[in-house]
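This report concerns only the one structure given below.
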Amino acid sequence: MNNYVSYTPEELAQDQYFIQWVNATDLAAENFWQNWLETYPFKRKDIEIARQIVLLTNQMADSDFSDDEMVELKSAIFVQIAQYETPSIWGRFRQNWAWVAVAASLALGIGLWWQKSQLVSDNTYLAQVNMAKKKYEIIESLNLNEEQKVVSLPDGSSIMLKKGARISYPESFEGDKREVYLTGEAFFEVAKDATKPFFVHANQVITKVLGTSFTIRAVADAPTVTVNVKTGRVAVFLANSQEETQQAQTKKLEGLVLSPGERVVVEENNIGAVQAPKPFSETVSPNTSQSIEHISFEFNETPLKDVFARIEQVYHLKVEYNEHLMGNCPVTASLTDEPLNQKLHLICKAVRANYVLSEGKVVVSGAGCE
């Protein structure tokens, strides 16, 4: 049985034993949670917030939503609640019960938005995924944690999901294109393949690339979608448009094409002007957490221990290796435009080592370079 001390209200509201306690008269569950609260009284407000979320989702379950729609709606609620968890606002809300009222208002507001959007748009994440299921066997990944979550795709591409983001993709990329479906915010490192363009469907916007890195922000209830390019070039166009048909017939990048550092904001069905590039940092402090969008992976005779430190910090992965044997091996490589697996492959090739990436960690083996 979990001790639940580290759980956020959102995580508690998804725990089956907690839900059982809220929804049913269960003596064992009642005794457990009452004793738990006596042991950890500082968690009472989190427990009450989680209880309110469960009760709200119970009310929504009485509607005609399908199971997939309920998952989508709960995710949207958690994304909205997360926006209120900044240090200044969170500190204020934790002093009173206004936070619960805010969560309730958000949930009900999202429910109304959901009903409306299902009637007027085929560009919601759920609608897009349901259509994709007619063509592919779909895998979905969701991130509800504060730390970004790394998702590796069948073609070697990697995606960093931010909190609340969901990505759906086929078990394998067959045919002449690669298609994925996003809601929320994510950073993409797409494996290069000029013969098989990569399409990201996000609300009303489609982003097409051949192999590059970029960020898309497409929150479910937001009126805008933002595409921000780190490296390479991407084409951006509207779904259900004549251009979508044209883009599907060519492997080239045509139309509105963004270059490194450029970004564009799409509001409803209006694509805004391309905004100028912003430089990203060439270095990262070992004690400072920075977003991958702003970090370079350019190495010139850099000790392997510093290279792996950057991998750990940016991707939130543990790298296990013999630092005594390998830590000072020099690495010279340009890896900013490469997906995670290709980065690891080239780094290990440079020091004559091998790696295995599994369950959130990288295990590296090699004889060293001395």
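Owing to the predicted nature of the structure, the values given are computational and were not obtained by experimental measurement.
When all heavy atoms of P154 and E171 are compared, the pair lying nearest together is CG-O, 3.2 Å. Contact record, N322 with L325: OD1-N, 3.0 Å, taken as the closest heavy-atom pair. The minimum heavy-atom distance between P260 and G232, with the atom names listed, is CD-O, 3.1 Å. Taking both residues in full, the closest heavy atoms of P339 and G156 are given as CB-O, 3.3 Å, listed atom of the first, atom of the second, then distance.
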Worked verdict on K149 versus S141 for side chain to side chain donor-acceptor pair (under 3.5 Å) = CA-CA 9 Å; K149 177 180 179 180; S141 185; 3.0 Å; yes

Stepwise, does the side-chain contact (heavy atoms from CB on, under 4.5 Å) test hold for V229 with V209?
-> CA-CA 11 Å; V229 181; V209 306; over 6 Å; no

Tell me, with the steps shown, if E243 and S241 meet side chain to side chain donor-acceptor pair (under 3.5 Å).
-> CA-CA 5 Å; E243 187 176 4; S241 65; 5.2 Å; no

Determine, stepwise, if the pair Y169 / D155 fulfils side chain to side chain donor-acceptor pair (under 3.5 Å).
-> CA-CA 11 Å; Y169 55 94; D155 65 337; over 6 Å; no

Let me see the working for R217 and V225 under side-chain contact (heavy atoms from CB on, under 4.5 Å), right down to the final yes or no.
-> CA-CA 6 Å; R217 176 176 172 80; V225 174; over 6 Å; no

Given the rule in the side-chain contact (heavy atoms from CB on, under 4.5 Å) test, do L153 and F173 qualify, once you have shown the distances and angles that lead to the verdict?
-> CA-CA 9 Å; L153 300 186; F173 291 119; 4.1 Å; yes

Let me see the working for L161 and I167 under side-chain contact (heavy atoms from CB on, under 4.5 Å), right down to the final yes or no.
-> CA-CA 8 Å; L161 294 180; I167 191 79; 3.9 Å; yes

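Linking ILVMFWY residues whenever their side-chain heavy atoms come closer than 4.5 Å, directly or via other members, leaves F188 and L340 in distinct clusters. Grouping the Ile, Leu, Val, Met, Phe, Trp and Tyr side chains by contacts below 4.5 angstrom, directly or via other members, places V331 with Y315. V364 is connected to L317 through a chain of hydrophobic side-chain contacts under 4.5 Å among Ile, Leu, Val, Met, Phe, Trp and Tyr, so both are in one cluster. Note on Y181: it does not cluster hydrophobically with V200, by side-chain heavy-atom contacts below 4.5 Å among ILVMFWY residues. Hydrophobic clustering (ILVMFWY, side-chain heavy atoms < 4.5 Å, transitive): L126 and I139 are in distinct clusters.
In the model, E189 has a side-chain atom that pairs as donor or acceptor with a side-chain atom of S158 under 3.5 Å. Side-chain N/O atoms of H201 and E179 include a donor and acceptor closer than 3.5 Å. Using modelled atom types, one finds no donor on one side chain facing an acceptor on the other under 3.5 Å when comparing N203 with Y125.
Of the possible donor and acceptor atoms, one in the side chain of R310 sits under 3.5 Å from a partner among the backbone N and O of S296. Without hydrogens or angle criteria, Y355 side chain to N341 main chain gives a donor-acceptor distance under 3.5 Å. Without hydrogens or angle criteria, D306 side chain to T302 main chain gives no donor-acceptor distance under 3.5 Å. Remark: side-chain polar atoms of K318 are not paired, donor with acceptor, to backbone N or O of E312 under 3.5 angstrom. At least one donor-acceptor pair under 3.5 Å links the side chain of E11 to the backbone N or O of T8. Within the 3.5 Å criterion, the main-chain N or O of T336 finds no donor-acceptor partner in the side chain of K230.
At a threshold of 4.0 Å, the pair E48-K45 does not count as salt-bridged, since none of the basic side-chain nitrogens sits closer than that to a carboxylate oxygen. Between K196 and D193 no salt bridge is recorded (no basic side-chain N to carboxylate O distance below 4.0 Å). The pair E147-K163 does not count as a salt bridge, with every side-chain nitrogen at least 4.0 angstrom from each carboxylate oxygen.
One distance of note links OG of S213 with CD1 of I159; it measures 13.0 Å at 0.5 Å rounding. To the nearest 0.5 Å, the span separating NZ on K43 from CH2 on W33 amounts to 9.5 Å. For the atom pair CD (E298) and OG1 (T332), the distance works out to 11.0 Å, reported to the nearest 0.5 Å. A distance of 6.0 Å separates OG of S168 from CD1 of I138, quoted to the nearest 0.5 Å. The CZ atom of F187 sits 8.5 Å away from atom CE of M160, with the distance rounded to the nearest 0.5 Å. For the atom pair CZ of F299 and CD1 of I347, the computed distance is 5.5 Å after rounding to the nearest 0.5 Å.
Aromatic pair Y321/F308: centroids less than 6.0 angstrom apart. With ring centers used as reference points, W21 lies 6.0 Å or more from F32.
For E301, the CD atom counts as densely surrounded, since its 6.0 Å shell holds more than 12 non-hydrogen atoms of other residues, nucleotides or ligands.
Under the 4.5 Å side-chain criterion, counting only non-hydrogen atoms from C-beta, F199 is not in contact with V180. Between R233 and L258, every side-chain heavy-atom pair lies at or beyond the 4.5 Å cut-off. Residues Q275 and E262 fail the side-chain proximity criterion, which asks for heavy atoms closer than 4.5 Å.
A tilted orientation is assigned to the rings of Y40 and W36, their planes being inclined by 30° to 60°.
If you run side chain to side chain donor-acceptor pair (under 3.5 Å) between Q247 and each of E254, K208, K252, only K208 comes through.
Remark: K343 qualifies as a cation-pi partner of F297 under the 6.0 Å distance and 45° angle criteria applied to the six-membered ring.
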